[in-house]
Structures are given as structure tokens and as C-alpha cells.
Amino acid sequence: MIEPDVLVVGGGPAGMNAALAAANAGATVLLVDRFQNLGGQLVKQTHKFFGWAARGAGARGFELAQKWEGEIQNHPRIRTLLGFEVIGAYKDGIWLAADLEDFYKIKPKRVVIATGASERMITFENNDYPGVYGAGAVQTLMNVYGVLPGERYLIVGSGNVGVIVAYQLLQAQAKVEAIIDILPRLGGAYWVHAAKIQRAGVPILLKRTITGVYGEGHVERAETIGVDEKFQPIPGTERTFSVDVVLLAVGLMPLSELLFELGVREYYIPELGGFVPWHDETGRTSHPEIFVAGDVAGIEEATTAALQGRISGLQTALDLGYEVNKDEIDELKMLLTQFRRSSLSEKVCQGLERLHTKGV
Amino acid sequence: MIEVDGVPTFENLKTSMPTEERMRKKAVAMHECYQDIPCDPCVYSCPTKAITMETLVSTPRINHELCNGCGLCVAACPGIAIFLMELKEDRGLITLAYEFVPLPNPGEIVDGLDRYGRAVCEARVERVYSLPGIDKKTKTSLVRISVPPEKIMEVRFFRRRE
């Protein structure tokens, strides 16, 4: 039995920062991630991050992961359990982490769930064909393992993920035929991200959806069709793309199954990506010993995930009687508010407001 | 339109464009950042304090008279949305951040691409160098290309020829 002050589930930007904040305040931390490396989605992010110059903006995602990983590995109060998945949470406060051969029982005093999100899928004919990938999978293959899964790509979805992967594919010298989106305008991509792939020759085709992929046992071509204001297909606007990969970047859903198991109160908030656990400003859920941080608390992005992680980590330490500078928590909350003051965070703010008006 | 596909129109460009007179004097930075992204490295990269921003989520303002054309903001901008502009008698010089390998070679003839990736003119690679970001540790490659002077507001990227 491992008995840390704080169990952190998930080693992405939120989890790493929760672990560091809690441990720096004096708590002992067990950080579990199902992958062999810390960093979560950061390890695939080769673009420069926005944010405050004074707080590391301009660094590329994987550089941030390396920095925090280094601090964690050298921290005397953080133990990591990599390659292990937290597969159970029991009413008596015991958590279970396992790989294929071994398992650990964990009895923490506080838990920070920072499990992130999973990718959404959409329906079209043969969407189970080899060659249909989630954006995250292609990023992992390409940026972590150095493998390009195909030569010619059609990207579905013009959010930041879609346009950023398009750019990374161009950097890897792949051919990106187009990005399509069913919406009449960009599906959430920042203008500068969208602009830099278009000037490099990747068209963004709006009001268009995918109807199917075809080929001899794997994707050889994708069929698309234009849609009207009601998203209904317009006959005669069909267009075929000769591609071997269709990359889906159609959104993310919070990964909150562990919290379901414990009966933590959740609400369906579309602006936050689906079912999200109710939580206060520090990430505390309806279960007073369990916190959430990062995408599992509502789909947002890495900078806010890191700030949320810091806040939750400090709050767990404060709960347990460690000396925490409350000004630091307030400053982090202020930074989060400042960051979210952008119109780009409007939806998230609306979602959080809706969540907060719901009762615990 | 920028709200539709993120590509700035002339209306947007007008708000951040240096004057022709200024571009003839020497190189000057021009940003194409028209959205309230929470981001401020350009401000801190500028040695002459030519770039200002009211809050983290404001769009930057470049004082073209204070700008000395050093290019540090071009390397610092996470959105790859700042360019150096300079007008010579017979050509326009555009310096852009280039995150691709292999790097082009000085003297190479390439296709000048507009904001939609359409080849609009022949361009020549004039200089390939790199400048540090605000962390002073990592560097970003910059490429200076020359285009016909009338294309200086149109070309924003280039494509190497086979």
C-alpha cells in the first residue's frame, strides 16, 4: 500500500503542475500516468505556446514538458508510477493502479484527477478503415515516434488541433490536401494558426463534410459533400480527395470515468465538452477530497491546465496543513482570469458559469 | 474574411501597416495579429519598446518610428504573425519566420505565395539566419526574400521549386 498525501492521476500539464505545487508546499505526492513518459499531450506539441513572456510563452510544448519532468524527477517528495493506469477507486478511499503484470493499492489523503480528454469520433461510411486517425494519434506517431502514417492527408475539423496538426504535417513534408469543416466559419482555430497554414497552401473548405472513405482494405480516397445552413448535404457539391489518411480533429471529451465511479456530481455542459465534474475555483469536486484540473474539468488548453493544476495542488497541501502562501493561490486565480478575458475563452467562461450556478 | 477563415483582409492590414515612406527608410516590423489572443512575447522581445499592448489579451501596436527593424519580434511571435518589410528601389524585402527544414539557400529562386498560398510572383531568397526567442536559448530561423515592390503587401510565404 502506498500512502501519499496526494495522488495525482495523469501526468500532463495539469497533473505535473499539481504534483509540483503540492510537493513544493511539503506534501508527499504519487503521480501516476499510463504512459512511460510524463508530459501528456505536451510531448507532441512542437509549436510555440501563447501566454505571458514572463511565464514561459514562446516555449514549445515539448520543451515545457521536459522542464516540468526534470523538476518532478528530481523532487524528493514526488514518486512517479509510469506505465500504470489508475483503474479503480473504491468507497473506502483505496485507489488501484495497475499495468499488465502488477498493481499497487494507494491510500491517498487527497486526489487530483488530471486525466485530460479523449478525442471525438464522427460517423461516415467505413470510418473504421485503416487510414482513419484521430489527430492525437497522428501527432504521437509523427512527433514522438518519428513515423508518418501516410503521404496525403485530409483533415476534418478546423479547430486549433486541426490547423496545428496540418502545420506539423507540412513540417514533416507530408501533403495536406485540405481541411474541411461543416461549420460556415473556422471551428475555433486562432486566426494566426489558420492563416499560417493557408499561406502555405492548405485550403480550409468550410460548409463541407465527409461522407465516406473507400479503397482496397484501407483509405485510398475520401468523399466529401457541401452542406447548407442546416448542415444538409447539397447534391452536386460532392468532391473526392485522393488521400491515404483522413485525420479527425472534431473535438475532445473530458475523461471523467473515474469520477463517475465515485459518484462525484457531474453535469452536461456542452461548452466544456460534455459531462464535467462540478468543481469550485480550486478544482474541488462534490467529493471534498477529490480535485480536478485540466481538460477533465472542461476542455480548454495547456496554459490554463497548468494554472489549474498549480491551484489544485496548492489547495490539497493547504487542506493537509502544509504551509501555503495564499497570495500565490490568489495570484494564480488572477492569472487564469486574465488569460480567460480573451474572447477566445468566451465559450469556456459561459460553460464555467453554467457549471457554477448548478449546486454541488 | 478574417472572421470566417482567419486570413486578414486589406481592412485589417490597414490598421497595422507601416507607411510606404517608412518602409523605404529601412526595415520595419508589421504584425498581422488581429485577435485578442492571451499572448505578449513580442512586447518583451523589442529592444526599443516599439511594441506595446494594453493587457495580455490586447492586440499589439507597433510604433513604426521607434522600430529599428531588428527582427527579434519576428523570431519571438508564437503565432508567426510578424514580418519585416523594407522597400528598395526595385524590390520589396520581406523577412519571415521559417519553421521548416531543409532551409532554403541564399540566391535561390522560389515562388512568392500570397495569404492563400497562391503563387503570385517569383521571389529570391536573400538571407537565411536565425535569431533567439525571448528565452535567449532557442532560436528561430528567419528567411528574407525579395519580391517585386508592388507585391510586398501580398506575399507572405514562399514555396521552394522542385
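Keep in mind that the numbers below use all heavy atoms, side chains included, and drop hydrogens, waters and symmetry copies. In what follows, chains carry the letters A, B, and so on, assigned in the order in which the sequence lines appear, proteins first and then strands, with residues in each chain numbered from 1.
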**Message:** If the threshold is 4.0 Å, N to carboxylate O, is there a salt bridge linking A:Arg60 and B:Glu99?
**Reply:**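 A salt bridge links A:Arg60 with B:Glu99.
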Can you tell me which of [options] forms the most heavy-atom pairs within a distance under 4.5 Å of chain B?
options	result
A:Arg340, A:Gln338, A:Arg341	A:Arg341
A:Ser158, A:Ala200, A:Ala59	A:Ala200
A:Ile204, A:Leu170, A:Val202	A:Leu170

When rounded to the nearest 0.5 angstrom, what is the spacing between [atom1] in [X] and [atom2] in [Y]?
X	Y	atom1	atom2	result
B:Ile37	A:Ser343	CD1	OG	9.5 Å
A:Phe50	B:Cys33	CZ	SG	7.5 Å
B:Arg118	A:Gln198	CZ	CD	10.0 Å

Of the backbone (N, CA, C, O) and the side chain (C-beta and beyond), which part of [X] lies under 4.5 Å from a heavy atom of chain A, both, or neither?
X	answer
B:Ala119	neither
B:Val4	both
B:Asp114	backbone
B:Cys42	neither
B:Glu32	backbone
B:Phe158	neither
B:Phe100	side chain
B:Arg159	neither

- Query: For B:Pro78, which of A:Lys48, A:His193, A:His47 qualifies under side-chain contact (heavy atoms from CB on, under 4.5 Å)?
  - Reply: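 Of the listed options, the one satisfying the test is A:Lys48.
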* To do: Let me see the working for B:Ile80 and A:Val192 under side chain to side chain contact (heavy atoms under 4.5 Å, CB included), right down to the final yes or no.
  => CA-CA 7 Å; B:Ile80 322 286; A:Val192 289; over 6 Å; no
Note to self: Main chain of B:Asp36, side chain of A:Ser342: is a donor-acceptor contact present, judged purely on distance under 3.5 Å?
What the structure shows: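 It does hold such a pair.
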By a 4.5 Å heavy-atom criterion (distance strictly below it), what part of [X] contacts chain B: side chain, backbone, both, or neither?
X	answer
A:Phe49	backbone
A:Leu344	both
A:Pro203	neither

